[in-house]
Amino acid sequence: MKILVTGGCGYIGSHTVCELLDNNYEVIIIDNLCNSKKSVIDKIKEITKKEVKFYEFDLSDKQSLEKVFVENKIDAVIHFAGLKAVGESVEKPLMYYRNNLDSTMTLLEVMNKFDCKKLVFSSSATVYGLPKTLPIKENFPLKTTNPYGTTKLMIEKILNDLYISDSNWSIAILRYFNPIGAHESGLLGENPNGIPNNLMPYIIKVATKELPYLNVFGNDYNTKDGTGVRDYIHVVDLAKGHLCAIDKVVKETGIDFYNLGTGIGYSVLDLVKTFEKVNNIKIDYKIVDRRKGDIDACYADVSYAKEKLNWEAKKGIEEMCKDSYNFIVKNK
Ligand code: NAD
Ligand code: UFG
């Protein structure tokens, strides 16, 4: 079976491509490398010892995309391509709406034209906004607080309307919680340029002494130690969830929404302490003011994904902390 993976050179996409190749799928990647590197393709080949076809262009380039569908008989698509930095999306909303919506619209039009109607889409727990209760279930009300999140919610709605118009579509919308960790080989992982926004990349920069200490954004939240609680999930577990979703969309038509998390919430200080323990490195930190827009706690009810996709996360927080750091050590 041939799977088109948009954004396949990125953090989650590259891990998913490895899982697909390991499970004998043929993979075609489209990526414009706006947030990734071409060398990822060689790393994927090194890990899997398999070939992967790569096209470098912007997904909103319809002509190039049609050419890919002409050259390859694509059975299903996993759509990761998109911009994802919350803060940047507040500063540059038009860039986010243009990139995330245009690329998706182009993809859907071309899929429709070539009668390829099986899609797995990367959404985010950010669509739940400020949940009234925890854990978060898929049928909770949806509300976004930044342009990035709004692009995800808008795409979810577009996909819903598409399915209503044509029930031959088969769509799985995956709402990720907080992916961290890296491939156990140390060849793939996440290492953003500049000062990281997210917790694990920041902890790593403190571990490598590129930054002096971690700013812990608030210790007066309504959580066990006062610091923010999130549902961290190992990126390899997340990648495996996509194979289960592909299985689902190939077998039956319909549209459905799934939380991909572990169902367990850890605080900022839990993550810091675990990172220190498993990697034997001291992480200095200072408690600073809350970050605007942050919520106390966010973790998933994962029972629906378990029931419908036959998937659940297996790796714990220690492995997440170990693998995240291993990737950086191996790629210094
Ligand atoms: P990433 O930035 O590492 O990967 C996205 C890839 O898409 C990059 O390689 C980038 O170059 C490519 N891309 C972006 N716009 C493109 C375009 N117009 N045409 C072609 N390629 C394009 O991000 P990631 O962490 O791997 O996230 C993958 C998806 O999952 C994104 O849609 C993101 O919004 C979503 N998501 C991520 C997280 C997270 O915390 N990492 C959480 C929830 C949802
Ligand atoms: N935090 C710090 N210091 C930092 C960075 C983060 O204390 O330097 C804290 C935050 O306050 C929060 C927790 O660490 O309590 C996690 O923050 P992240 O920025 O790593 O993750 P978020 O939960 O804020 O958001 C991430 C993505 C969103 C996505 C969401 C759910 O950035 O795009 O996970 O998937 F929507």
Side-chain angles (χ1 to χ4, degrees), residues 5-16 29-38 40 55-61 64-65 78-87 89 95-96 98-104 106-107 121-129 136 144-146 148-149 151-152 155 174-180 189-192 195-203 205-206 211 213-219 221 223 227-233 235 238-239 259-261 265-269 271-272 285-300:
V5 179
T6 77
C9 293
Y11 174 48
I12 307 170
S14 58
H15 288 84
T16 303
I29 295 177
I30 298 174
D31 201 304
N32 66 357
L33 304 179
C34 70
N35 196 36
S36 52
K37 296 197 177 84
K38 202 173 176 177
V40 164
Y55 293 87
E56 182 183 339
F57 63 86
D58 192 302
L59 199 56
S60 57
D61 172 353
S64 300
L65 187 57
I78 308 181
H79 179 32
F80 292 103
L83 300 175
K84 63 164 183 177
V86 172
S89 81
M95 185 169 109
Y96 270 68
R98 171 64 74 193
N99 186 76
N100 292 2
L101 295 175
D102 224 7
S103 55
T104 305
T106 310
L107 175 67
F121 172 63
S122 300
S123 190
S124 166
T126 193
V127 298
Y128 295 114
I136 297 172
T144 57
T145 52
N146 58 73
Y148 161 69
T151 68
K152 292 292 173 195
I155 294 168
L174 308 181
R175 295 178 180 148
Y176 312 150
F177 281 67
N178 291 51
I180 58 171
E190 191 182 30
N191 188 13
I195 297 186
N197 296 305
N198 297 117
L199 181 59
M200 181 54 90
Y202 205 109
I203 290 178
K205 292 232 187 271
V206 176
L211 291 167
Y213 55 86
L214 170 72
N215 294 299
V216 174
F217 297 141
N219 65 350
Y221 283 108
T223 61
T227 65
V229 163
R230 296 292 182 273
D231 185 340
Y232 297 98
I233 173 169
V235 66
L238 190 63
N259 287 340
L260 297 192
Y266 287 104
S267 73
V268 174
L269 294 182
L271 204 68
V272 168
Y285 66 85
K286 284 188 187 168
I287 307 290
V288 299
D289 285 348
R290 289 180 174 203
R291 182 172 65 179
K292 206 170 151 246
D294 273 354
I295 58 178
D296 302 62
C298 171
Y299 51 90

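All heavy atoms count here, side chains included; hydrogens, waters and symmetry mates do not. Not measured: the values here are computed from a predicted model. Residues: numbered from 1 along the sequence shown. Counting starts at 1 for both ligands and their atoms, following the listed order.
Where the criterion is an N or O separation shorter than 3.5 Å, residue side chain and backbone included, S123 fails it with respect to ligand 1. Residue A81 has no N or O atom closer than 3.5 Å to an N or O atom of ligand 1. Checked by distance only, ligand 1 and F80 come closer than 3.5 Å through their nitrogen or oxygen atoms. Here's the thing with P179: none of its N/O atoms is less than 3.5 angstrom from an N/O atom of ligand 1. Distances between N or O atoms of S36 and those of ligand 1 include at least one value under 3.5 Å. Residue contacts with ligand 1: S103 is placed with no nitrogen or oxygen under 3.5 Å of a nitrogen or oxygen of the ligand (distance criterion only).
Less than 4.0 angstrom separates some heavy atom of N178 from each of these atoms of ligand 2: 21 (O), 22 (P), 23 (O), 26 (C), 31 (C), 34 (O), 35 (O). Of all atoms in ligand 2, listed by their number and element, those nearer than 4.0 Å to a heavy atom of V86 are 33 (O). For ligand 2, the atoms sitting less than 4.0 Å from at least one non-hydrogen atom of G228 are 15 (O), numbered in the order shown with element in parentheses. Close approach of ligand 1 to G82 is summarised as follows: ligand atoms under 4.0 Å from at least one heavy atom of the residue are 5 (C), 7 (O), 13 (N), 14 (C), 15 (N). With ligand atoms numbered from 1 in the order given, ligand 1 contributes 10 (C), 11 (O), 13 (N), 14 (C), 15 (N) to contacts under 4.0 Å with heavy atoms of C34. Counting the atoms of ligand 2 from 1 in the order shown, those under 4.0 Å from a heavy atom of V216 are 7 (O). The distance from ligand 2 to the heavy atoms of N215 drops below 4.0 Å at these ligand atoms: 2 (C), 3 (N), 4 (C), 7 (O), 8 (O). Near N99, meaning under 4.0 Å from any of its heavy atoms, are these atoms of ligand 1: 15 (N), 17 (C), 18 (N). Heavy-atom contacts of L33 reach the following atoms of ligand 1: 11 (O) (cutoff under 4.0 Å). In summary, the atoms of ligand 2 found under 4.0 Å from a heavy atom of Y202, numbered by their order in the structure, are 8 (O). If you number the atoms of ligand 1 from 1 as listed, the ones under 4.0 Å from a heavy atom of G10 come out as 3 (O), 4 (O), 9 (O), 26 (O). Interface atoms of ligand 2 facing N197, defined by a heavy-atom separation under 4.0 Å, are 5 (C), 19 (O). For ligand 2, the atoms lying closer than 4.0 Å to a non-hydrogen atom of R230 are 12 (C), 15 (O), 16 (C), 22 (P), 23 (O). For ligand 1, the atoms closer than 4.0 angstrom to any heavy atom of S124 are 43 (C), 44 (C).
Annotation for C9 and D31: closest pair N-OD2, 3.1 Å, computed over non-hydrogen atoms. Minimum interatomic distance between I12 and V235 (heavy atoms only, all atoms of both residues): CA-CG2, 4.1 Å. Contact detail for F177 and C298: the closest heavy-atom pair is CE2-SG, 3.7 Å. Contact between V40 and S14 at its shortest, heavy atoms only, is CG1-CB, 3.7 Å. Of all the heavy atoms in T227 and S267, the pair that sits closest is OG1-CB, 3.3 Å. When all heavy atoms of N146 and S89 are compared, the closest pair comes out as OD1-OG, 3.9 Å.
S14 does not count as a contact of ligand 1, since none of its heavy atoms falls under 4.0 Å from the ligand. A heavy-atom separation below 4.0 Å is not found between Y221 and ligand 2. Heavy-atom separations between K152 and ligand 1 include at least one value shorter than 4.0 Å. Ligand 2 is never approached by Y266 to a heavy-atom distance shorter than 4.0 Å. Distances from ligand 1 to the non-hydrogen atoms of S60 include no value under 4.0 Å.
In terms of modelled atom types and a separation under 3.5 Å, the side chain of N259 and the main chain of I136 share a donor-acceptor contact. In this structure, N178 contributes its side chain and R230 its backbone to no donor-acceptor pair below 3.5 Å. No donor-acceptor pair closer than 3.5 Å links the side chain of K205 to the backbone N or O of N191.
Of the candidates D231, V268, L269, the one placing a heavy atom closest to atom 14 (O) of ligand 2 is V268. Closest to atom 21 (N) of ligand 1 by heavy atom, among N32, I29, V5, is N32.
For the atom pair CD1 (I295) and OG1 (T126), the distance works out to 8.5 Å, reported to the nearest 0.5 Å. Once rounded to the nearest 0.5 Å, the distance linking CG of L271 with OH of Y202 reads 15.0 Å.
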Query raised in the report: Run the side-chain hydrogen bond (donor to acceptor under 3.5 Å, both in side chains) check on D61 and Y55 step by step: do they pass?
Result: CA-CA 12 Å; D61 172 353; Y55 293 87; over 6 Å; no
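The side-chain contact (heavy atoms from CB on, under 4.5 Å) test with D58 singles out one residue from T106, L33, N99, and that residue is N99. Under the side-chain contact (heavy atoms from CB on, under 4.5 Å) rule, L83 has a single partner from N100, T151, N35, which is N100.
With a 4.0 Å heavy-atom cut-off, ligand 1 is reached by no atom of N178. Of the heavy atoms in Y148, only side-chain atoms (C-beta onward) come closer than 4.0 Å to ligand 1. Contacts between Y176 and ligand 2 below 4.0 angstrom, taking non-hydrogen atoms only, involve the backbone exclusively.
Between V5 and T16, every side-chain heavy-atom pair lies at or beyond the 4.5 Å cut-off. Taking 4.5 Å as the limit, some side-chain heavy atom of V288 sits within range of a side-chain heavy atom of F217. Between N32 and L59, every side-chain heavy-atom pair lies at or beyond the 4.5 Å cut-off.
Taking atom 19 (O) of ligand 2 as the reference point, the nearest protein heavy-atom neighbour is R291 NH2, 2.8 Å. Atom 4 (C) of ligand 2 has F217 CE1, 3.3 Å as its closest protein atom, hydrogens excluded (heavy atom only). Annotation: atom 33 (O) of ligand 2 to nearest protein heavy atom, Y148 CE2, 3.4 Å. In this structure, atom 20 (O) of ligand 2 lies nearest to the protein heavy atom L199 N, 2.9 Å. The protein heavy atom nearest to atom 30 (O) of ligand 1 is Y176 CE1, 3.3 Å. For atom 16 (C) of ligand 2, the closest non-hydrogen atom on the protein side is Y232 OH, 3.4 Å. The protein heavy-atom contact nearest to atom 10 (C) of ligand 2 is D294 OD2, 3.4 Å. At the top of the distance list for atom 32 (O) of ligand 2, counting protein heavy atoms only, stands N198 ND2, 2.9 Å. Summary of contacts: the protein heavy atom closest to atom 35 (O) of ligand 2 is F177 O, 2.7 Å.
Under 3.5 Å, the side chains of D102 and S60 contain no donor-acceptor pair of N or O atoms.
Using the six-membered ring where Trp is involved, Y148 and Y96 have ring planes that are perpendicular, over 60° apart on the 30 and 60° scheme.
Atom CZ of R98 is surrounded by 12 or fewer heavy atoms from other residues, nucleotides or ligands within 6.0 Å. Heavy-atom neighbours of F57 CZ from other residues, nucleotides or ligands within 6.0 Å: above the threshold of 12.
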